[in-house]
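Please read the structure below before turning to the comments.
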Amino acid sequence: MSASHAMADAVTMVRRNLVHVRYYPTVPLFVAGIPVLFLLLFVYVLGGTLGAGLGGGRADYVEYIVPGVLMFAIAGGAQGAAISVATDLAEGIVARFRSMAISRGAVLTGHVVGNLLQSLAALVLVVAVALAVGFRPQGSPLRWLAAFGVLALLALALMWLAVAMGTAARNVESASNLPAFLMLLPFLGSGFVPAESMSGPLRWFAEVQPFTHAIETIRALLLDLPLGGVALAATLAWSVALAVGGYVWARRIYERRSVR
Amino acid sequence: MNAPRHPAAITVRGLRKAFGATSVLRGVDLDVAPGTVTALLGPNGAGKTTTVHILSTLVAPDGGDVTVAGCDLRADPDGVRAAIGLTGQFSAVDGLLTGEDNLLLMGRLRHLGKAERARRAAALLERFDLVDAARRPAVTYSGGMRRRLDLAMTLVGEPAVIFLDEPTTGLDPRSRRAMWDQVRELVADGVTILLTTQYLEEADQLADQVAVLDDGRIVAAGSPDELKRLVPGGHIRLRLPDAVAFAGATAALPDARPDDAALTLEVHGGTGARDLRAVLDRLDRAAVEVDALTVHTPDLDDVFLALTGAPTRPAEHEEGPR
């Protein structure tokens with residue numbers, strides 16, 4: 001298997017994943033729609049009170065919440081990837097792919113990259129809505145670019161983890177349940193309210209869990225706040241670890257998983 | 001059966017496979033000559049699908065030697081993959097893509113150029129009567145259309161060896177005959193085919209060689225006729241209109257088994273045209289009128305009863321009147 005064939009096969013599978021969107025657009029709508037809905041809900045329903053709790057108002061709360069909503073969107077996109085890979089594995093088409101002389105990782109790479117592109121599109125949409133409701137980030141273009149890079153890396157990491165979960169899942173239902181906890185993590189961190197405001201053990205968890213580091217890093221980059229070295233290092237470290245671990249895990253299960 | 005003149009397209013020696021404690025294949029030997037059809041016949045659970053899955057590189061064997069299209073299965077699985085096509089028991093089409101996109105996808109994965117992809121896709125849509133449905137997602141296809149698209153996708157890579165796992169299971173009679181015609185066309189083009197089936201009639205129609213798989217072993221192999229000759233149960237059955245004719249027929253055919261109550265006679269032995277003519281001549285000479293004549297040839301049940309001592313299906317059906 002030459003490298004150019006492996007690349008061509010991966011591109012073919014990414015294209016296939018994106019063409020699916022044309023015929024079955026509910027998952028990407030869900031991936032982009034839920035975070036937008038949460039953004040509007042939190043800003044207009046809860047934002048006045050939560051903003052006052054932060055010592056400001058609704059406008060201050062918009063500034064605070066956007067990084068958490070972006071992480072929430074990435075987690076939702078990862079769930080979409082788990083569903084799409086599990087749906088695929090339930091079909092006979094994957095057995096056909098496995099009997100063909102194509103790069104062994106191409107099917108999974110197609111799901112990861114295809115869903116990653118959908119997730120990045122969802123992020124752009126969320127940011128657009130955030131700007132429309134008053135989000136006024138202070139960071140320089142360079143910092144914006146850095147924030148986008150960190151988000152893309154995080155998305156890639158969660159994508160591989162979720163694709164591994166989707167490959168391991170026995171059916172599509174459990175594939176959609178397994179990564180669902182990822183969508184809770186922005187809430188159990190500093191995504192929607194500061195970790196310091198939480199109670200006892202939850203506060204401890206919220207302060208140490210990886211999503212908090214990621215959210216703080218993105219917040220600092222977007223709002224031009226001092227960048228925490230520990231948070232940035234932790235975010236990069238666990239992103240790389242999850243991406244590599246998820247990739248190795250997914251490939252191993254894919255190879256082992258016997259056809260029907 | 002003729003001895004293969006060319007090196008075999010598929011060679012299997014001592015193939016073994018177990019899933020956990022369950023031994024599925026217990027030493028399968030098989031040779032398939034190039035450009036021929038071999039039918040792997042057997043009941044559910046005999047190991048047919050496992051055999052196809054191993055030969056098409058989906059499942060690793062526990063033991064044995066396999067070469068497909070000159071490539072060793074273990075040493076060069078990608079060589080095997082490049083030479084084969086697989087149409088499985090379950091539909092292997094991408095339901096979310098159109099029929100045309102499915103074919104173009106196969107062309108991309110076979111690393112064909114753009115013009116060649118388009119040319120092959122168009123030709124296959126035409127050949128499999130899918131032109132009108134080409135731009136519709138495959139989920140909207142009927143069972144027969146999906147099966148046709150499935151085989152068309154297998155053919156995009158112009159494979160030298162094709163595995164068909166129960167290609168007509170669940171198809172209506174018309175679609176089944178269309179599939180048989182496609183198989184014959186492929187063989188005429190020089191393709192080697194290994195197909196699995198539960199239907200003796202299908203093996204009879206298509207196969208040069210039939211291998212009967214039971215409980216993980218090949219229990220018999222040969223041409224369909226050779227196989228049927230292994231099995232007793234072939235007979236000509238006569239129904240007479242009345243007691244007078246019945247008595248006349250019984251006298252004319254003293255070896256037949258009479259059934260007085262049903263006014264029928266069973267002539268056991270050969271069921272070929274010559275045997276049939278001999279029976280009719282004797283009845284003619286005795287001036288006996290026959291109400292109905294049916295030829296019963298051995299079916300899968302008979303074959304299995306004889307070869308393994310266990311029937312595959314409870315129901316028995318006879319061939320219709322000839």
Side-chain angles (χ1 to χ4, degrees), chain A residues 1-28 80 83-111 114-115 118 172 252 254-260, chain B residues 17 19-20 49-50 52-60 68 71 76-98 101-102 104-112 117 136-140 146-147 149-151 153-154 156-157 159 161-163 165:
Chain A
M1 184 58 52
S2 72
S4 70
H5 274 185
M7 191 63 187
D9 292 340
V11 169
T12 299
M13 290 300 179
V14 171
R15 176 202 293 269
R16 167 172 175 264
N17 185 280
L18 293 177
V19 173
H20 281 174
V21 176
R22 206 168 75 205
Y23 296 107
Y24 194 64
T26 48
V27 169
I83 294 170
S84 80
V85 75
T87 307
D88 218 13
L89 289 174
E91 300 288 331
I93 185 89
V94 172
R96 180 188 289 283
F97 292 149
R98 287 162 51 110
S99 73
M100 295 175 74
I102 59 179
S103 139
R104 300 301 265 173
V107 173
L108 297 176
T109 304
H111 283 288
N115 282 284
Q118 290 177 45
V172 177
R252 279 190 58 170
Y254 181 77
E255 285 302 318
R256 208 176 46 203
R257 208 177 124 143
S258 171
V259 291
R260 297 185 280 189
Chain B
K17 179 68 186 178
F19 292 108
T49 296
T50 302
V52 166
H53 282 175
I54 290 174
L55 298 189
S56 55
T57 77
L58 294 178
V59 172
V68 178
C71 300
D76 186 13
D78 265 335
V80 173
R81 289 178 190 126
I84 64 166
L86 168 67
T87 290
Q89 207 174 126
F90 300 97
S91 177
V93 309
D94 188 332
L96 299 179
L97 299 184
T98 65
D101 281 347
N102 267 295
L104 293 173
L105 172 70
M106 289 301 116
R108 282 208 178 83
L109 293 175
R110 290 285 188 177
H111 310 115
L112 304 175
R117 287 202 296 267
R136 290 207 329 252
V139 276
T140 64
R146 276 174 86 99
R147 207 70 70 97
L149 176 60
D150 205 321
L151 184 56
M153 287 165 71
T154 298
V156 170
V161 177
I162 296 180
F163 299 103
D165 191 12

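Proteins come first, then strands; the chains are lettered A, B, ... in the order of their sequence lines, and each starts at number 1. Values below: every heavy atom of this structure, side chains too, minus hydrogens, waters and symmetry copies.
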Nearest heavy-atom approach of A:Ile93 to B:Asp94 is CD1-N, 3.6 Å
Given that the side chain runs from C-beta out, which part of B:Asp101 has a heavy atom under 4.5 Å from chain A: side chain, backbone, both or neither?
-> side chain
To the nearest 0.5 angstrom, please state how far the NE2 atom of B:His111 sits from the CD1 atom of A:Ile102.
-> 7.5 Å
What one should report as the nearest heavy-atom pair of B:Ala92 and A:Gly92 is CB-O, 3.4 Å
Option in B:Leu97, B:Asn102, B:Ile84 with maximal non-hydrogen atom pairs under 4.5 Å from chain A | B:Leu97
Give the member of B:Arg110, B:Arg108, B:Met106 that has the highest number of heavy-atom pairs under 4.5 Å with chain A.
-> B:Arg108
B:Thr154/A:Arg96 under side chain to side chain donor-acceptor pair (under 3.5 Å): CA gap, chis, key distance, verdict = CA-CA 9 Å; B:Thr154 298; A:Arg96 180 188 289 283; 3.0 Å; yes
Rounded to the nearest 0.5 Å, what separation is found between the NE2 atom of A:His5 and the CG atom of B:Leu109?
-> 11.0 Å
What distance do B:Leu86 atom CG and A:Arg98 atom CZ have between them, rounded to the nearest 0.5 Å?
-> 11.5 Å
Please report the closest heavy-atom contact between B:Ser56 and A:Ser99, naming both atoms and the distance.
-> O-CB, 3.6 Å
Once you round to the nearest 0.5 Å, how far does CG of B:Leu104 lie from CZ of A:Arg16?
-> 14.0 Å
Assess whether atom CZ of B:Arg136 is packed by more than 12 heavy atoms of other residues, nucleotides or ligands within 6.0 Å.
-> yes
